[in-house]
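For reference, the structure is listed below as structure tokens.
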Amino acid sequence: MPRPIEALIHTQAIAHNLARARAHAPDAQVWAVVKANAYGHGIANTFDAMRSADGFALLDFAEAQLLRELGWRGPILLLEGCFEARDLELCSRLKLWHAVHSEQQIDWLAMHKTHEPHRVFLKLNSGMNRLGFTPQNFRAAWTRLNALPQVDEISLMTHFSDADGDRLGACGIAEQLANFERVTADLPGECSLSNSAAILRHSEALRSDWVRSGIMTYGGVPDFPVHDQQHWDLRPAMTLRSKIIGVQQLQAGDTVGYGSSFTADKPMRIGVVACGYADGYPRHCPTGTPVLVEGVRSTTVGRVSMDMLAVDLTDLPRAGLGSEVTLWGQGPKGQVLPIDEVAHAAQTIGYELMCALAPRVPVTVERSD
Ligand SMILES: *Cc1c(COP(=O)(O)O)cnc(C)c1O
């Protein structure tokens, strides 16, 4: 028998979550954001479930090529645009739309030989200070692009730093939105503003012709713990599960795991699960991190090691060798352990856990669940 750990990808959950994005932004076209191999879920695994999207947004040419090979003929957007001049040849060949966020990218376009002009998304740095033209330089960039025969339609794009937070006032989404509206007011073209947090929280307040549904597509909650997946009606698209391969009976004073960081203060029974940080389970999860044992909530005990972690079975007398343990996602009887809860325990976000699922974990795609 192989090591009992596996990841399940729930395609119906993905289709459901994308439909939630559409419900929040009914007048917008929806990009399914599939960068980082669909946030760790696998582009090939999830493609069928995402066919209702209007387009796919990503960063890597290999992922764009894979989508074309899977038969996708619709829009594909490169969120960071090109990284060198000859990338534009791939854009022409694969018919990719691409973000333009720097003068250098415009220089490359001006030198590019193509029969078909490209659709580009001109990016404004509205305050996040990651990619994009400043409000001062944006219009000059637009004018330059607009004069190029290599360029077809110019769309307008920005990314919010605080769509998930409560900073609605100065420095928050309101100021960034105001910057965007001021700079683009009389420019033609479609706009793309919203990530998942903005789709869920701010769809009434802003117009985004193309919304970019990332984490919510996979059932992750961008504003956890303020809201949870039940509040937003999102379903987990990934389950990480394994089994108990060892059981230990502890007396008061016994310790568990590396560094003996946990000491039992009473007799306890613990199960040792075939899952560790080399599978993508965060080592930073402290004692007390939630898990499901045969669908019942329990907690981790002691430090997570490379290949194993321990869980408390004291109140679960029927659990033992071979019991199924859900590390995150959907339990055996439909219970849910949100990835956001586990991420929170590790002081990170669900995004990081999904993306860090290790290659050694076998993945099964569940086409009906
Ligand atoms: C990753 C990304 C998104 C998606 O963000 P989520 O928070 O996962 O919805 C949207 N826009 C850009 C530019 C991104 O890089």
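Not measured: the values here are computed from a predicted model. As the structure lists them, so they are numbered: ligands from 1, and atoms in each ligand from 1.
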List, pair by pair, the atoms of ligand 1 and of the protein that are both N or O and lie under 3.5 Å apart, giving the separation rounded to 0.1 Å.
unit_1, atom_1, unit_2, atom_2, d
ligand 1, 7 (O), Tyr351, OH, 2.6
ligand 1, 8 (O), Tyr39, OH, 2.6
ligand 1, 8 (O), Ile215, N, 2.8
ligand 1, 9 (O), Ser196, N, 2.8
ligand 1, 9 (O), Ser196, OG, 2.5
ligand 1, 9 (O), Gly214, N, 3.1
ligand 1, 9 (O), Ile215, N, 3.4
ligand 1, 11 (N), His159, ND1, 3.4
ligand 1, 11 (N), Arg212, NE, 2.8
ligand 1, 15 (O), Lys35, NZ, 2.7

- prompt: Can you find a side-chain donor-acceptor pair between His24 and Ser194 that sits under 3.5 Å?
  reply: no
field: Heavy-atom donor-acceptor pair, Thr239 side chain to Gln330 backbone, under 3.5 Å
entry: yes
- prompt: Does Asp233 offer a backbone N or O that forms a donor-acceptor pair with the side chain of His16 under 3.5 Å?
  reply: yes
- request: Write out all pairs satisfying side-chain hydrogen bond (donor to acceptor under 3.5 Å, both in side chains) with one or both partners inside residues 80-90, taking only residues at least two apart or from two chains.
  value: Glu84-Arg86
query: So, the side chain of Thr314 versus the backbone of Arg269: is there a donor-acceptor pair under 3.5 Å, distance only?
result: yes
- prompt: Any idea how Phe121 and Trp97 line up, ring-wise: parallel (<30°), tilted (30 to 60°), or perpendicular (>60°)?
  reply: parallel
